[in-house]
Amino acid sequence: MTTLFNIWRRMRENRAVMVSGGILIGIVIVAIVGPLISPHDYLQTNFDNLLQRPGTAGFHLFGTDDLGRDLFVRSMLGVQITIVVAVVASVVSLVIGVMYGAVAGYVGGRVDAIMMRFVDTLYALPFIFFVILLMVAFERNFLLIFVAIGAINWLDMARIVRGQTLSLREREFVDAARLTGVSTAAIIMRHIAPNLLGVVIVYVTLTIPQAILVESFLSFLGLGIQEPQTSLGALVDAGVNQMEGASWMLLIPAGLLATILLCFNFFGDAMRDVFDSRSER
Amino acid sequence: MLKYALLRLLGAIPTLLLVIVLAFLMVHAAPGGPFDDERVLSAEIEANIAAAYHLDEPLHRQFYRYFAGLLQGDLGPSYRYRDHTVSELIGTAFPISLKLGTMAMLLAVVFGVAAGSFAALRRNTLPDRSVMAFAMTGISIPVFVIAPVLVLLLAVKLQWLPAGWSGNEGAARFLLPVIALALPQVAYIARLTRASMIDVLASDFVRTARAQGLGTTAIVRYHALKPAMLPVLSYMGPAIAAILTGSVVVEEIFGIPGLGQFFVRAALNRDYTLVLGIVIFYATLVILLNLVVDILYGAIDPRIRQR
Amino acid sequence: MSLLSVAGLTIRYDDAIAVNGLSFAIEKGESVGLVGESGSGKSQTALAILGLLPAQADVSGDIRFEKTALLGASERALDSVRAQRLAIVFQDPAQALNPFVRIGQQLRRILLQHGLAEGAQAQARVIDMLRRVGLSDPERQYRAYPHQLSGGMRQRAMIASALITEPELLIADEPTTALDVTVQAQILELLEDIRKDTALLLITHDLGVVAGHCERMLVLKQGELVEQGATRDVFARPQHEHTARLLAAAPRLDRTDIPTTTTGAELLTIKGASVSYRETGHARLQAVRDVDLTIRAGETVALVGESGSGKSSLARAVLGLVPLQSGRVAFCGTALEGLAQDRATAVRRGMQLVFQDPVGSLNPQMRVANIVAEPLLVHEPDASADTRQQQVIAILEKTGLGEEFLERYPHELSGGEAQRVAIARALILKPKVLVCDEAVAALDGTVREQILALLHEVQIDSGLSIVFITHDLSVVRGISHRVLVMYMGALVELADNNALFEQPRHPYTRALLAAVPVPDPERAGGKATLAGEVPSALAPPSGCTFHPRCPHARDICKTEIPEQRTINSTTVACHRAEEI
């Protein structure tokens, strides 16, 4: 078990954490600052300048799309939305999953059995189809996307937190605390929660790319973020339609999406090493 | 063993019921009806349509009617393809998707397990690192990015392979869609196999086998392979779901007239009965395949079978 | 030429040296003990001989099996020596056998791989071997998976797998550490009987095991060989002070400095205590059945039994960590109800617990200062931080730890230090009863003696009562006033220290005493007088639960649960206690 105080030190020693984290921070900064300093905005169409190649002409770094809109600004907007959706959805799944898993694990016994049976049942469902069903039934509601993605991902989180809590509950230091009369709340706060933090952090970093994947999948199918707003999935979709004439419309958002996902996955993977007790020695 | 399988089968029934109820309620809780975006209809016609589709009945009656039909394999009429029932549409489109999915799954398991085992046995060497870098890329890039990029590269630019479905014949037209569909799964299974093989090779019983002088080949074959495959086997459930999901995108991109394409069209057209029918069909399929995986798991792990 | 010769063996990991310049030899057919405390490098040596060290180990020196150099040999060359000429039995058979492969197949594979037998002949040879290691119904065990066997049976299967090739040298690495003491005796006797001309290198931390089973012994200390010689000579005249220290720390049943009976006031009374757990399905596991026990102020009572005897469950129910199924517990005259958290503050203060795993019983995220201070937060919430700090420093000092430990985390402590912290945490509330649940089982001999001395000191100082739970009778001899022996959840015998060891009344107590290895080559110990193992608690035998293993069992034992009777102040539950 890693103590929290040396996590940052170990993160800094881990090259994968630093490199992938650095690239992600860089992308986010450009995505925020870029649209602010660009002379274009994401709505402005220009029918004299359709499908311009990427370059410095007219300051269209990534070129323009089939409506003459600046692709750089639209891509950066897409990055913003993609990341916001993913982070919010991950927080949703984090809150539900941790609470559900911690309760099941700490209470244990029959309650745990029933709660986990429910999770197992949901686990067997192809959730994405239900999300699509939901999207069809309730229009393409922005808020619903968060809820839907969060609702998919909390299952894993609940399972992991429950397993950890269950084993922590059996640990001798928890018995020692119960014996001296430490309250249940204090046991959870002082003895269970800090020891869960590691897996939760690792797992959240691995949930974010999954959430990105779901959001961009929905947007790609036209069931997620709607025009004139955009996300990387929607931009890839638009790119597919134009790929024979204007391959950059596909390759730029596709490349950005792939880079972001790759960095998050690398980051999460490396964070697992950071928290892995076996690599401590 | 038979008891174990039967218990599992019984356990799947409530899940199936839950799926049906959940999906049905979701559709019927939707604000607005399926015909809202058509021309403004007179109240009379609207009532007629509602009556024709039994939309005027109370919800539990509608569910009862739907469920009774479902038991006989009747998923009702499609709202959009008015001459066809949902069951007919699924019957036409699913075989293509099944072929696609099965090929992708086989490809994923064969290459994934091979690459993962190879990497595990050459841990921390250059080949291992290359396989793992490839796998990381593979799991990170979504199908809807891989598929069009493959088309752009291999079909549009290099013109090695046909890009579309229609107008092409034979196995060649399956190649790109299957690769696009399988690639993320190959990557995932490779990572899974490597991790679990490394774990197993570090276990005490492998150390015992080494002390018995069995040599690497015999150890992998007689001691390590079976336990190392367990995580891969339990991933088969999610993998099946992922391939179904992926097939939606792949069929859309390659213009394959499979169930996935029908599903997307139905979703975009708000063809409620068709979407509902396909969701229930997919869910049943996934639950049943999960069941098979569960039973296989019990067949491999003697400790589970006992319970 | 020696069978095995090791010269200048050195094993390094990054900056740590596990084994340093070790040299020794083993001759054909002899039995050699390799002893040392944890971290002395004894298991590393075994792995080095077999070429099984992990890749990051940096090994130098020379290891020869007759003429064949083993160190630096190719895997292929090693594979021709492994199993056929040189075999090993590992500590934990539950881990060392493949859970996915039938026992018979695992053994048959060895024969096939080395071309020693084929087809039906191989199967016959495996079954014969399984029979020779004492597995009843070997045809059935051939098809069994490891999890279907008990711990002792698995270790027998492991021994069968090592000896089936008739190797010239068998290395046994702590082969009985994971087993109960009566089973340990059986396994050691089996090894002795079955090995014939095979030389034995027996690795152990237990000097009693060496005294009973090895002709020669080697003593390791932190990777270095400090002494070697004939076992009798080393025990009689240890040359190195480390050996002398190990011998002094080895617990002996025949020690003379035993505690005499005390006559304090009755502090804790347990009447008819039963504990049961719900198992998967609807089965109930009866962990403790109808136990009476009284603990007086200032005395130490040992609860002794093998795994599954219910000794820990009894203590945990008394402390309120698990619910009591039936029975009554009174502490200082007040009846105790419910679980620990529902009990009165004075009661919770009055009884504290020290656990087996010293590091695991401390929260890895907390510093020593906060760990020790936590009970004060609950019981003296109004005290200032300064006062608390003073109390923590004082109690740490009492347990032999200085102020420099305040800011440390558990993973920065050694096993002994961690156990001192756990004791400090338990003592800071000045309890009247301290329960030690296998509190020294995970510690090395010398550290164990220090911790026991500390507990003794505290008892003299403060009149503390100690309930000492252990599987190890030899530890009990030196520390406890009275001993309660349990078997399958029930009281077997309750007696004063001297009475129990000098005049045991129950056949189980006698068998336990006979099975304890004696660290003295001149005195026989470690005898297996009991067959079989403890039955499953889910299906306990009828009547006296001990009857299937009891050499004195009669028909009445099979049908009637024996009543407790008192003979010369010893309480014993046996139908035939008076006659035998």
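- Environment of CG in C:D14: sparse, with no more than 12 heavy atoms of neighbouring residues, nucleotides or ligands closer than 6.0 Å.
- Interface residue C:L97: only backbone heavy atoms are found under 4.5 Å from chain B.
- Taking the six-membered ring for Trp and thresholds of 30 and 60 degrees, B:Y66 and B:F24 have ring planes inclined between 30 and 60 degrees apart.
- Both the backbone and the side chain of C:Q95 come within less than 4.5 Å of a heavy atom of chain B.
- Classification of the B:F205-B:H223 ring pair by plane angle, with boundaries at 30° and 60°, yields tilted.
- Paired with B:L233 under the rule side chain to side chain contact (heavy atoms under 4.5 Å, CB included), one option of B:D294, B:V293, B:D301 passes, and it is B:V293.
- For chain B, the option among C:L47, C:L50, C:L52 with the highest count of heavy-atom pairs below 4.5 Å is C:L52.
- Residue contact with chain B, scored on non-hydrogen atoms closer than 4.5 Å, involves the backbone and the side chain of C:A96 alike.
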For this session: Using the side-chain contact (heavy atoms from CB on, under 4.5 Å) rule, take C:F90 and B:T208 through it: C-alpha gap first, then chi angles, then the decisive distance, then the call.
Result: CA-CA 8 Å; C:F90 289 108; B:T208 307; 3.7 Å; yes
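- One finds no salt bridge joining C:D79 and B:R210 here, because no Lys/Arg side-chain nitrogen approaches an Asp/Glu carboxylate oxygen to under 4.0 Å.
- Of all the listed residues (B:A218, B:S203, B:A211, B:G215), the one sharing the greatest number of non-hydrogen pairs under 4.5 Å with chain C is B:A211.
- When the heavy atoms of residues 111-123 of chain C are compared with those of chain B, the residues falling under 4.5 Å are C:Q113, C:H114, listed by number.
- Neither the backbone nor the side chain of C:I171 comes within contact range of chain B, judged by heavy atoms closer than 4.5 Å.
- Between C:R85 and C:E166 there is no salt bridge, since none of the side-chain N atoms of the basic residue sits less than 4.0 Å from a carboxylate O of the acidic one.
- Aromatic pair C:Y145/C:F100: ring centres not closer than 6.0 Å.
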